[in-house]
Amino acid sequence: LQNLLFEISKCGSMNKAAQKLFLTQPALNAAMNVLEKDLGFSILSRSSKGIYLTAAGTQVVQDAEIILNILKSWRALASINEPVCCNVSIVSFAPVCSHILPQLMIKLQEDYPFLNISIGYQSELEECLNIIFSEQYCMGIVGITLQANEKKIFKTIDKNNYQAQHLMKDFYHVIFRKEHPLAAFSEIPLDKLKPFPIALYSSNRFFDGNYQKLLLDHSRNDQHVFLGNNESIFTYLKQSDAISFFPEMFIHFTDAFSSGELLHAKLSDYVMPLKHYLVYPTDQYLTVMDRIIIDAVKEAYCSYQKTPKK
């Protein structure tokens with residue numbers, strides 16, 4: 001039906017449309033007459049200048065497209081109940097990989113036992129996107145900072161037939177030991193950081209280079225420490241007056257903060273957001289299982305945001 005009406009409207013002639021559709025003109029005319037009789041209104045406007053869809057005919061075409069898409073999705077649902085192995089993989093950065101995704105995957109495997117689920121870790125934004133685009137993983141969750149060129153990133157995502165769904169905005173906090181001179185503050189201006197060295201990752205993981213430059217410019221340039229992993233940074237902080245910076249989600253899932261060994265505070269005069277985006281194929285390439293996972297990821301993020309923070 002949709003194809004018939006589309007070709008008639010496009011060609012403006014029953015004869016040309018019939019040729020395109022590999023039908024005889026009388027057969028096409030008869031089909032349209034029967035349809036209009038069944039509907040009880042005209043869907044085609046015929047004149048000496050050609051044939052056009054009426055307003056009602058245009059609505060019929062739009063509704064037919066919606067109905068066809070629904071029918072396609074219903075047919076695809078049959079595959080969900082079949083005990084067929086399905087591979088699902090998501091790549092992301094910590095702590096999404098270590099906390100959000102594992103809980104999500106446990107729930108999905110309970111509901112869909114035939115799923116083979118894998119989680120990949122990649123902290124660098126560009127590398128994470130390349131992994132997704134190479135189809136090594138079905139989709140991924142990436143973190144985009146304030147200093148990143150979002151328009152360029154989204155253009156790259158769109159160019160590769162993917163799309164990005166915003167999940168939440170996280171923020172970097174200053175972290176330090178409980179005996180630190182800054183321990184009395186819940187919000188700290190940049191100038192108060194100057195007396196203290198900063199402990200950071202040697203490879204800029206989780207941290208935008210522009211943020212790092214800004215913070216290093218507002219601190220002691222002679223005592224910066226670059227370490228290789230979380231534990232080495234935490235150990236160094238507990239033994240010195242150094243400070244560091246971690247996203248709030250990371251802080252929420254780290255025992256050193258729940259135990260009170262380390263504290264954290266916001267910057268009062270500078271925000272360092274980290275936006276979480278779910279990157280996945282455009283709609284025409286999504287499977288039913290992909291859509292289920294996308295909805296599950298969104299639900300997991302909503303649940304996290306409702307959780308009281310430390």
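Along the sequence shown, the residues carry numbers beginning at 1. This is a predicted model, so every value here is computed, not measured.
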For this session: Check for a donor-acceptor pair, side chain of D269 on one end and backbone N or O of P189 on the other, with a separation under 3.5 Å.
Result: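 No, the answer is negative, given that no donor and acceptor are paired below the 3.5 Å cut-off.
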For this session: Determine yes or no for a side-chain-to-main-chain donor-acceptor pair under 3.5 angstrom, with S240 supplying the side chain and A242 the backbone.
Result: yes
Exercise. So, for Y162 and Y280, is the gap between ring centers shorter than 6.0 Å?
Worked result: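 No, too far apart.
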Exercise. Looking at H252 versus F257, is the centre-to-centre ring distance below 6.0 Å?
Worked result: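 No: the rings miss the under 6.0 Å criterion.
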For this session: Could you tell me whether E261 and R177 make a salt bridge, using a distance below 4.0 angstrom between a side-chain N and a carboxylate O?
Result: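 Not counted as a salt bridge, because no side-chain N and carboxylate O are separated by less than 4.0 Å.
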Exercise. Salt bridge between E150 and K275, side-chain N to carboxylate O under 4.0 Å?
Worked result: yes
For this session: Begin from the C-alpha positions of L125 and T145 and carry the test side chain to side chain contact (heavy atoms under 4.5 Å, CB included) through to its verdict.
Result: CA-CA 10 Å; L125 171 61; T145 64; over 6 Å; no
Problem set entry | Residues in side-chain hydrogen bond (donor to acceptor under 3.5 Å, both in side chains) contact with T156, at least two apart in sequence or another chain |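 Partners of T156 by the side-chain hydrogen bond (donor to acceptor under 3.5 Å, both in side chains) criterion come out as none, since no residue qualifies.
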Can you find a pair of side-chain heavy atoms, one from [X] and one from [Y], that are under 4.5 Å apart?
X	Y	result
V142	L278	no
Y112	I293	no
L274	F246	no
M32	R46	yes

Problem set entry | Criterion ring pair (Phe, Tyr, Trp, His ring centres under 6.0 Å) on H264 and F176, from CA distance to verdict | CA-CA 6 Å; H264 63 97; F176 39 80; 8.5 Å; no
Problem set entry | F154: partners by ring pair (Phe, Tyr, Trp, His ring centres under 6.0 Å), with sequence neighbours left out |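 By the ring pair (Phe, Tyr, Trp, His ring centres under 6.0 Å) rule, F154 matches Y277.
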Problem set entry | For Y301, ring pair (Phe, Tyr, Trp, His ring centres under 6.0 Å) partners two or more places apart | H276
For this session: Can you sort out the partners of T282 under side chain to side chain contact (heavy atoms under 4.5 Å, CB included), two or more places apart, ordered by chain and number?
Result: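 Counting only residues at least two positions away or on another chain, T282 forms a side chain to side chain contact (heavy atoms under 4.5 Å, CB included) with N161, Q163, Q284, Y285.
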Problem set entry | Candidate pair I8 and L44, rule side chain to side chain contact (heavy atoms under 4.5 Å, CB included), full reasoning | CA-CA 9 Å; I8 293 170; L44 295 173; 3.9 Å; yes
Give every donor-acceptor pair under 3.5 Å between a side-chain atom in residues 16-30 and any protein atom, sequence neighbours left out.
| unit_1 | atom_1 | unit_2 | atom_2 | d |
| --- | --- | --- | --- | --- |
| T24 | OG1 | A27 | N | 3.2 |
| N29 | ND2 | Q25 | O | 3.4 |

Can you give the donor-acceptor pairs under 3.5 Å from side chains of residues 91-108 to other protein atoms, not counting sequence neighbours?
| unit_1 | atom_1 | unit_2 | atom_2 | d |
| --- | --- | --- | --- | --- |
| S92 | OG | I141 | O | 2.8 |
| S98 | OG | P95 | O | 3.2 |
| Q103 | NE2 | H99 | O | 3.4 |
| K107 | NZ | D111 | OD2 | 2.6 |

Exercise. For residues N130 and E126, is any side-chain donor paired with an opposing acceptor at under 3.5 Å?
Worked result: no
For this session: Take L129 and N160 through the side chain to side chain contact (heavy atoms under 4.5 Å, CB included) test and state the conclusion after the steps.
Result: CA-CA 10 Å; L129 289 174; N160 284 274; over 6 Å; no
